[in-house]
Amino acid sequence: MRILIVEDEATLRNGLRDLMIGDGHQVETVSDGAAAVELGLREAFDLVLLDLMLPKLGGMEVCRRLRAARPGMSILMLSARGAEDDKVAGLSEGADDYVSKPFAARELLARVRAMGRRHLGLSVDEIIRVGSLTLDLAQLSGQLGERSFKLTAREAGIVRLLHHKMPNPVSRSELLEAVWGSRGDLETRAVDMAIATLRKKIEDEPAVPRLLVTIKGVGYRWCQ
Ligand code: CA
């Protein structure tokens, strides 16, 4: 992707630039909000990594202006504040995702890659490899270390959706609707049961899941 990095702190800006170049992206950097709008309107970018607290023009305003002019461009907001209010405000201004500082490089890369997949309109890879686990969603099969197993179509559907939404969590009702084709909170227990069965197949320690993680009060998230 072609990425615009907007960050006033030089150390972080350079760190982000190196991280994105290392991941195979083309990168431009600017250090204030006015320059971000100027360059973002003049040239096309696939993704903007946008700091919230910026000199000259704040990140929210930058987001609003770029979003209005370039609806197809992804915007990922970065903020030191970590406040829930900022997140909600950022997303309502048209940001596609939000990362709180300090963030782990790995987490940021995962989010950028997820945006890249959305940007390209690619469907999820039908073969997923994480450590010693391989899942073939098309063939409904998997292997964990030496052990092979079968997946049900429903389990493949769960993995496909969670993987696609990564790094964001997916609610039980969203899973229920997408994978089971039904609505209704009463049935969400079916989701929990299916997840428990799936964990026994794909997790090294099903009782301490590391891939298919529960986000309390929200739902489930795929972590890789
Ligand atoms: Ca800043």
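Remember, it's 1-based here, ligands and their atoms both numbered in the order they're listed.
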Mind running side chain to side chain contact (heavy atoms under 4.5 Å, CB included) on V191 and Y220 for me, showing each step along the way? CA-CA 10 Å; V191 177; Y220 296 101; 4.1 Å; yes
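Under 4.0 Å is where a charged nitrogen must lie from a carboxylate oxygen, and between E7 and K101 at least one such pair does. At a threshold of 4.0 Å, the pair R13-D51 does not count as salt-bridged, since none of the basic side-chain nitrogens sits closer than that to a carboxylate oxygen.
Protein N/O/S atoms closer than 3.0 Å to the Ca ion (ligand 1), listed by chain and residue number, are D8 OD1, D51 OD2, M53 O.
Here R2 pairs with E28, E43 under the salt bridge (Lys or Arg N to Asp or Glu O under 4.0 Å) rule; sequence neighbours left out. When the salt bridge (Lys or Arg N to Asp or Glu O under 4.0 Å) test is applied to R17, no partner is found at least two apart in sequence or on another chain.
Residue pairs meeting the salt bridge (Lys or Arg N to Asp or Glu O under 4.0 Å) criterion with at least one member in residues 136-159, sequence neighbours excluded, are E155-K201.
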